[in-house]
Enquirer: 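Can you keep this structure in mind? I'll have questions shortly.
Keep in mind it's a predicted model, so treat the numbers as computed, not measured. Every heavy atom of this structure was used, including side-chain atoms; hydrogens, water molecules and symmetry mates were not.
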Amino acid sequence: MLKKVLAVTMAAIMTVGLTACGGGSSASSAGNETAAAETKAEAGAKESTGNEASGGSHEPVTITMWWPGSGEGYEQLAKGLADLVHETYDWITIDYLVVPWGDYDSKMNVAFAGGTAPDIFGVGMNPLPNYVQTGNLLELENYLPEDWDGWEDIPQNVLDCGSFDGHFYGVMMCDVRPLIYRKDLFEKAGLAEAPKNKEELWDYAQRLTERDENGKVTLAGFQIGTTGYVDNTLYPIALMHGQDRLWDDDYNLLMLEPAMLETVEYAKRFVTEGLCDYSDATIGTSAFAAGNAAMSLNTSCNELGNMRETLGLEKVGVAVPPTEGGSNFLGGTIVSVNNKAENMEAVLMAYQVMTNTKGCELAGLCAGFCPPRKSSLPVYIAQDPDIYGVVAEILPAAKTYGPLNPYFADFRNLALLPWMEKIYYGKVDVKEGLESACRDYDEARKLRDENN
């Protein structure tokens, strides 16, 4: 079912649709060109396009949608998707709610427990397996038609991100992370282009790091996250050393592989040799986005729009990462369906509109996601070809840490974070710290299995 697709080819840059999400405008400017694909639930029914008279044969239906995030861009995205669905099927209304990430999973859990969960909702890639295990998600491969255009229009690595244990749970609006650097600081340091490998990255970081009169780092040459989501900065460095997985197919950690030991030694040197200061790797609070680092492989592509206001995009350079295959982390928000939704036929029709070419364009224009569909990329790229073209180029090569892991929270919070902090600040050596992380992960995993 999940067919392998070709890598993205760069189409001619299009300019239509660039204002679809600006200034509070509705998604109506995105056009009414979407054709709704036939679902198994409506097999044999005639396809409807735009506002083709569908209201006469359907009772009005209201569908609920929740989207995780905060800020104007996410509000515009949710409204744009709701408008797009209503323009396509005038008998379907979307009642939407944007919920901050910090509250989202707990609010969703309460809603599922109380039977009030939304019909369509976003799910983070890492918690997806836990949503599946509690029995809340619809297995979409049983409802989307075999000739659904998404099977061919969406790269296989993106389809895989929305899949767990052999089932497909949704289209992911993508977070792709290029190498981001400060062009003005490069010019000041006499650097003409982005680093091409880990050796150049190290050399550039030395030349770009700035310190005050007391030797304290005021500008990190290369951002290393020493606390928070430390995996976000560790993973691209692992890719530089030829390791593209943090666990195997059975969720056993690969942190003691030789390449991983080299990875952590390399990362630690940025701290011990004074090329960076304390840095929280949590998305949205990265040192680069705050203007405190000259290079980053951690900053989400969603942040590029914010940098237009804070740093000015004319100061920001974007390049293919200096990693094996030019890849970096791939994550995002997966658009999923409640398997207990009422009016399932209407829900599936709305879902296909939200995840079609126009819906994916809105995700890129409003909230800064890299659109998962090849057909949506020209409009996304046209915002700024030098920046968004590179992000689109990375998309089909981007990777995740391994198969979606139901023990991910234990890996990040109970094992990796505490021990990487100890490694970075010299309280344990690299091998001892990673051995301890693996031990704590195995113990947490065993306890979770026993409790389930």
Side-chain angles (χ1 to χ4, degrees), residues 26-27 36 39 41-42 58-144 150 161-164 167-173 331-356 358-360 362-363 366-367 369 372:
S26 77
T39 68
E42 56 173 333
H58 291 86
E59 292 294 325
V61 171
T62 297
I63 293 170
T64 53
M65 176 185 72
W66 288 5
W67 195 282
S70 58
E72 183 180 359
Y74 288 95
E75 292 286 347
Q76 290 177 345
L77 173 58
K79 181 182 185 302
L81 293 174
D83 289 347
L84 187 62
V85 170
H86 192 65
E87 290 163 4
T88 307
Y89 300 109
D90 58 12
W91 52 279
I92 300 178
T93 298
I94 305 295
D95 182 9
Y96 65 86
L97 179 66
V98 177
V99 181
W101 265 117
D103 304 323
Y104 188 74
D105 287 331
S106 60
K107 188 176 179 68
M108 285 292 298
N109 289 336
V110 170
F112 276 119
T116 59
D119 301 310
I120 298 174
F121 48 90
V123 182
M125 183 183 70
N126 292 319
L128 178 73
N130 304 116
Y131 277 75
V132 173
Q133 290 177 337
T134 54
N136 295 320
L137 303 191
L138 189 70
E139 296 171 355
L140 283 166
E141 78 277 5
N142 294 325
Y143 294 88
L144 295 173
C161 286
S163 303
F164 177 69
H167 297 289
F168 180 64
Y169 293 101
V171 175
M172 184 170 74
M173 305 303 173
T333 297
I334 299 164
V335 187
S336 297
V337 174
N338 183 349
N339 64 4
K340 298 179 179 63
E342 297 182 5
N343 303 305
M344 186 61 79
E345 177 184 352
V347 168
L348 290 168
M349 294 168 75
Y351 181 86
Q352 291 182 67
V353 173
M354 291 180 185
T355 59
N356 69 13
K358 291 298 180 184
C360 291
L362 289 173
C366 296
F369 291 106

Enquirer: Which heavy-atom pair separates V171 from F168 by the least distance, and what is that distance?
Expert: N-CZ, 3.9 Å
Enquirer: Step by step, would you call V61 with Y89 a side-chain contact (heavy atoms from CB on, under 4.5 Å)?
Expert: CA-CA 10 Å; V61 171; Y89 300 109; over 6 Å; no
Enquirer: When you measure from the side chain of S336 to the backbone N and O of Y169, does any donor-acceptor pair fall under 3.5 Å?
Expert: yes
Enquirer: With sequence neighbours left out, write down each residue that passes side chain to side chain contact (heavy atoms under 4.5 Å, CB included) with N339, or none if nothing qualifies.
Expert: L138
Enquirer: How far does NZ of K358 sit from OG1 of T88, to the nearest 0.5 angstrom?
Expert: 11.0 Å
Enquirer: Is a side-chain N or O of D119 found less than 3.5 angstrom from the main chain of T64, in a donor-acceptor match?
Expert: yes
Enquirer: Take atom CD of E342 as the centre, draw a 6.0 Å sphere, and report whether it contains more than 12 heavy atoms from other residues, nucleotides or ligands.
Expert: no
Enquirer: Could you state the interatomic distance from CG (N338) to CD1 (I63), rounded to the nearest 0.5 Å?
Expert: 12.0 Å
Enquirer: Compare all side-chain heavy atoms of M354 with those of I94 and state whether any distance is below 4.5 angstrom.
Expert: yes
Enquirer: Compare every heavy atom of F121 with every heavy atom of V337, then report the nearest pair and how far apart it is.
Expert: C-CE2, 3.9 Å
Enquirer: Using the ring of each side chain (for Trp, its six-membered ring), is H58 parallel, tilted or perpendicular to W91, with breaks at 30° and 60°?
Expert: parallel
Enquirer: How far does CD1 of I120 sit from OG1 of T355, to the nearest 0.5 angstrom?
Expert: 8.5 Å
Enquirer: Quick one, F164 with L137, criterion side-chain contact (heavy atoms from CB on, under 4.5 Å). Give me CA distance, side-chain angles, the key distance, then yes/no.
Expert: CA-CA 11 Å; F164 177 69; L137 303 191; over 6 Å; no
Enquirer: Going by the rule side chain to side chain contact (heavy atoms under 4.5 Å, CB included), which residues pair with A78 if we only count those two or more places apart in sequence or in a different chain?
Expert: M65, Y96, V98
Enquirer: In the structure I gave you, are the side-chain heavy atoms of M173 and V335 within less than 4.5 Å of one another anywhere?
Expert: yes
Enquirer: Minimum heavy-atom separation for Y104 to G122, with atom names?
Expert: OH-O, 2.6 Å
Enquirer: Give the intermediate values and the outcome of side-chain contact (heavy atoms from CB on, under 4.5 Å) for residues L97 and K107.
Expert: CA-CA 12 Å; L97 179 66; K107 188 176 179 68; 3.9 Å; yes
Enquirer: Nearest 0.5 Å, what's the OH-CG distance between Y143 and L348?
Expert: 7.5 Å
Enquirer: Quick one, T333 and P68 - any side-chain contact, counting heavy atoms below 4.5 Å?
Expert: yes
Enquirer: Does T62 have any side-chain hydrogen bond (donor to acceptor under 3.5 Å, both in side chains) partners at least two apart in sequence or in another chain, and if so, which?
Expert: none
Enquirer: Is the closest side-chain heavy-atom distance between L77 and L81 below 4.5 Å?
Expert: yes
Enquirer: Roughly how far apart are N343 CG and E345 CD, rounded to 0.5 Å?
Expert: 9.0 Å
Enquirer: Between C161 and M125, which heavy-atom pair has the shortest distance, and what is it?
Expert: SG-SD, 3.7 Å
Enquirer: Under the 3.5 angstrom rule, does the side chain of Q76 hit a backbone N or O of C366 as a donor-acceptor pair?
Expert: no
Enquirer: So which heavy atom on Y351 is nearest to which on G170, and how close?
Expert: OH-CA, 3.2 Å
Enquirer: How close do L84 and G359 get, heavy atom to heavy atom, and via which atoms?
Expert: CD2-N, 3.6 Å
